[in-house]
Structure formats: structure tokens, C-alpha cells
Protein chains: 2
Amino acid sequence: MQIGELASKCGVRIDTVRYYEKQKLLIPSGRTEGGYRIYSGVALRELRFILRAKSLGFTLKEIQELLTLKIDRENQPCSSVKELAETKIKDIEEKLAELGRIHQALTGITEACCGGEEPATACSILDALDKEDS
Amino acid sequence: MQIGELASKCGVRIDTVRYYEKQKLLIPSGRTEGGYRIYSGVALRELRFILRAKSLGFTLKEIQELLTLKIDRENQPCSSVKELAETKIKDIEEKLAELGRIHQALTGITEACCGGEEPATACSILDALDKEDS
DNA sequence: CTTGACCCTAGACTTAACTCCAGGGATAGG
DNA sequence: CCTATCCCTGGAGTTAAGTCTAGGGTCAAG
Ligand SMILES: [Zn+2]
Ligand SMILES: [Zn+2]
Ligand SMILES: [Zn+2]
Ligand SMILES: [Zn+2]
């Protein structure tokens with residue numbers, strides 16, 4: 001399989017595949033005489049692994065660690081894998097908490113705004129952003 | 001007030017203040033003979049406005065729009081302000097939903113992992129990322 | 001007058017994850 | 001042989017919001 005087929009099977013661009021290679025995430029099984037990259041079914045599986053991990057919020061750097069563990073599964077403990085996952089979960093929970101805080105604050109000041117066509121001289125949103133305290 | 005005082009009063013770096021100026025968010029009231037920027041209390045207030053808007057998730061570009069509305073409050077309708085806020089709220093809600101989805105998926109596959117010291121040959125996390133379907 | 005703290009500019013660098021480009025080579029079909 | 005479609009490399013550009021650097025000027029105190 002050439003790079004174009006691999007990419008289209010996974011719904012990514014060719015450049016992305018080459019980029020993953022540069023990041024040492026996905027090495028082609030070989031090259032043709034002319035220098036074309038060739039990929040096996042293993043590579044296809046690995047690319048899907050990468051994309052699934054990405055969709056769960058892992059960065060490419062973290063995916064590298066996951067792949068390292070996966071390749072050597074027999075000698076790596078579950079605890080290492082779980083640690084990566086739990087760290088990521090904590091990241092996500094922090095982001096959720098922060099976003100929730102922002103959401104609450106913003107809906108609070110927005111609900112108080114009439115949203116009408118009269119001048120915004122007493123707009124609750126502008127007032128909240130411009131207030132003296134904080 | 002010079003730039004250093006303004007910056008430290010707001011807890012930002014001098015470079016940040018100059019960056020905001022380059023983005024047309026915060027123009028100094030004037031310059032000394034030697035070329036030093038001078039800021040008034042109005043600028044201080046405006047910088048705080050910018051920082052508050054930022055803490056609510058607005059980008060600098062959006063803050064520019066907010067400032068434009070604020071400067072001309074008398075002639076701008078509440079509806080314009082509220083629209084900006086509501087768009088931002090929708091953004092945040094989308095991010096919350098996406099993060100929630102990820103969180104759920106990730107906690108699901110993570111809970112099933114024993115996290116022990118035995119080899120990860122049957123680790124639920126690696127399996128979930130490597131599964132055939134999806 | 002010298003020192004130290006402050007300030008100036010233009011422009012390069014940072015992060016993450018691509019994306020695009022120029023300028024070419026490979027390969028298959030007709 | 002010609003053409004279309006694929007592929008190659010190295011390097012530059014993208015986004016957001018700064019951050020840093022080099023090389024210099026300003027200002028107040030002592
Ligand atoms: Zn109103
Ligand atoms: Zn309003
Ligand atoms: Zn286990
Ligand atoms: Zn496990």
C-alpha cells in the first residue's frame with residue numbers, strides 16, 4: 001500500500017502521514033526502488049491507533065509513549081498505561097472545571113443584558129467587564 | 001504612569017502591553033519627550049477590561065469588537081453586545097460537550113484497566129485504542 | 001559623571017499539529 | 001514516447017498570544 005491509499009483509508013492527508021513519520025510515530029515498512037513509502041496492514045492499524053488516541057485528547061507526544069508501551073506490551077505493566085490515561089483524565093477534568101466556571105460567569109452577566117435595540121449605555125455585559133472591583 | 005507600572009498593576013508583562021498596543025487594543029495617552037509611553041487611569045481601566053474579557057474566554061480579536069462597542073456605547077445597541085456574548089457562550093458549550101464526550105470515553109476504558117504491575121498484554125486501554133472496529 | 005533602573009524598536013522565536021509549496025522523480029496506461 | 005497520476009524532499013507558512021533578544025536611549029539619584 002502506498003501513502004495515498006493509507007491516508008485515504010484513514011481520512012487524513014498524505015502530509016499528515018509524513019508528519020507522523022517525522023515525529024517517529026509511524027514508520028513505513030519499506031520503500032520501493034523509486035523511493036515510494038510502502039505500508040503494511042500493521043501500519044494501517046497503527047495509524048488508526050494514533051487517530052483514536054488523538055480523538056481521546058492525547059497529544060502526539062503522549063501517543064508516542066502509548067505506542068512505546070504497546071509495542072512492548074509483554075514487558076510493560078498495566079500501571080504505566082493507566083497512569084498516562086489518568087493524567088490525561090485529570091487534564092480534561094481541569095479544563096472542564098475551568099470552562100464550566102467561565103460558562104457560568106458568562107451566562108450570568110449575559111442573562112442580565114436585555115439584548116434590545118436601545119443604546120448599550122447601561123449594558124450589563126459591558127458593565128461587568130468594566131467594573132471597578134474584581 | 002509608565003508602561004512598567006501599568007503592567008505590574010495588572011499583573012502582566014510589559015511585552016504584553018506593547019503587544020496589545022500592536023493589536024490596537026490599548027493605545028497610550030501619549031509619549032514623553034524621550035519616547036516613553038504614558039498611560040492614564042483610563043488606560044488602566046481599559047487594560048483591566050481586556051484582561052477580564054480574556055478571562056471569560058474572549059480572544060483578542062473579539063475583545064477588539066467589544067471595545068469598539070464600549071467606546072461608542074451611546075450609539076450601539078445592547079443586541080450587538082449580547083450577540084457577541086452568546087456566540088462565545090455557544091463556543092464554550094460546544095467545547096464542554098466535546099470535552100465531556102472525551103472524558104466519558106476515556107474514563108470508561110480506563111476504569112476497566114486493572115492498573116497493576118502485571119504485563120499489559122490484555123490492557124483494556126491499549127485494547128480499546130487498538131480495536132478492529134470503530 | 002556614572003550607575004542602575006527603566007524604556008525604546010524591529011524582528012525572531014515559541015507551541016502543536018499540521019498544511020502548503022517548489023521543483024522535481026516514478027509509474028502505469030495507451 | 002507521452003501523459004496523468006502518483007510520489008519524493010526540504011523548507012516555509014499557519015494560528016494565537018505572547019515572549020525574548022540585540023542593541024541602544026532616557027532618566028533620576030548620588
Ligand atoms: Zn440593554
Ligand atoms: Zn446589554
Ligand atoms: Zn491490567
Ligand atoms: Zn491496563
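Please read these numbers as outputs of a predicted model, since none were measured by experiment. Within every chain, numbering begins at 1; the chains are lettered A, B, ... in the order of the sequence lines, protein sequences first and strands thereafter.
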[X] has an atom [atom1]; how far is it from atom [atom2] of [N], in whole Å?
X	N	atom1	atom2	answer
B:Glu21	D:dG18	CD	C1'	15 Å
B:Asp91	D:dA16	CG	P	13 Å
B:Ile50	D:dA17	CD1	C1'	13 Å
A:Ile38	C:dA26	CD1	P	15 Å
B:Leu60	D:dT15	CG	P	15 Å
B:Leu25	D:dA16	CG	P	13 Å
B:Lys61	D:dT15	NZ	C1'	13 Å
B:Gln23	D:dT15	CD	P	13 Å

Reckon [X] has a side-chain N or O less than 4.0 Å from the OP1 or OP2 of [N]?
X	N	answer
A:Thr32	D:dC7	no
A:Lys22	C:dT19	no
A:Arg13	C:dC20	yes
A:Tyr20	C:dC18	yes

A:Ile38 to A:Pro28 - nearest heavy-atom pair and separation: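 For A:Ile38 versus A:Pro28, the nearest heavy atoms are O-CB, 3.4 Å.
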Heavy-atom pair of closest approach, residues A:Gly115 and B:Cys78: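 Shortest heavy-atom separation between A:Gly115 and B:Cys78 comes out as N-CB, 3.8 Å.
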Which nucleotide sits closest to the side chain of A:Tyr19: D:dC20, C:dC20, C:dC18?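 The closest nucleotide is C:dC18.
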Candidates D:dA17, D:dC20, D:dC27 - which lies nearest the side chain of B:Asp15: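 Comparing D:dA17, D:dC20, D:dC27 against the side chain of B:Asp15, the answer is D:dC20.
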Polar atom pairs (N or O), protein with nucleotides 5-7 of chain C, under 3.5 Å:
residue, atom, partner, partner atom, Å
C:dC6, O3', B:Gln2, NE2, 3.3
C:dC6, O2, B:Tyr36, OH, 3.0
C:dC7, OP1, B:Gln2, NE2, 3.1
C:dC7, OP1, B:Gly4, N, 2.8

So B:Tyr20 and B:Val12, do their side chains get closer than 4.5 Å, heavy atoms only?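 They are not in contact (no side-chain heavy atoms under 4.5 Å apart), so the answer is no.
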Pairwise side-chain contact, A:Glu98 with A:Arg101, heavy-atom cut-off 4.5 Å (strictly under):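 In contact.
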Would you call A:Arg37 and A:Glu5 a salt bridge, using N to O less than 4.0 angstrom?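 Answer for the salt bridge query: no.
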Can you give me the bend angle of the helix from C:dC1-D:dG30 to C:dG30-D:dC1? Use the axis through the first five pairs and the one through the last five, nearest 10 degrees.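 Comparing the first five pairs with the last five, the axes sit 30° apart.
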Under 3.5 Å, side chain of B:Gln64 to main-chain N/O of B:Gln23, donor-acceptor pair present?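 Looks like yes, one N/O pair under 3.5 Å.
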Whether the side chain of A:Thr110 engages the backbone of B:Ala85 through a donor-acceptor N/O pair (distance < 3.5 Å, no angle test) should be reported.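 Checking the backbone N and O of B:Ala85 against the side chain of A:Thr110, no donor-acceptor pair under 3.5 Å is found.
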Kindly indicate, with the supporting measurements, whether the criterion side chain to side chain contact (heavy atoms under 4.5 Å, CB included) is fulfilled by A:Arg18 and A:Ile14. CA-CA 6 Å; A:Arg18 282 197 284 246; A:Ile14 287 177; 3.4 Å; yes
How about B:Glu83: does its CD atom have over 12 heavy atoms from other parts shown lying under 6.0 Å from it?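 No, CD of B:Glu83 has 12 or fewer neighbouring heavy atoms, counting only those of other groups under 6.0 Å.
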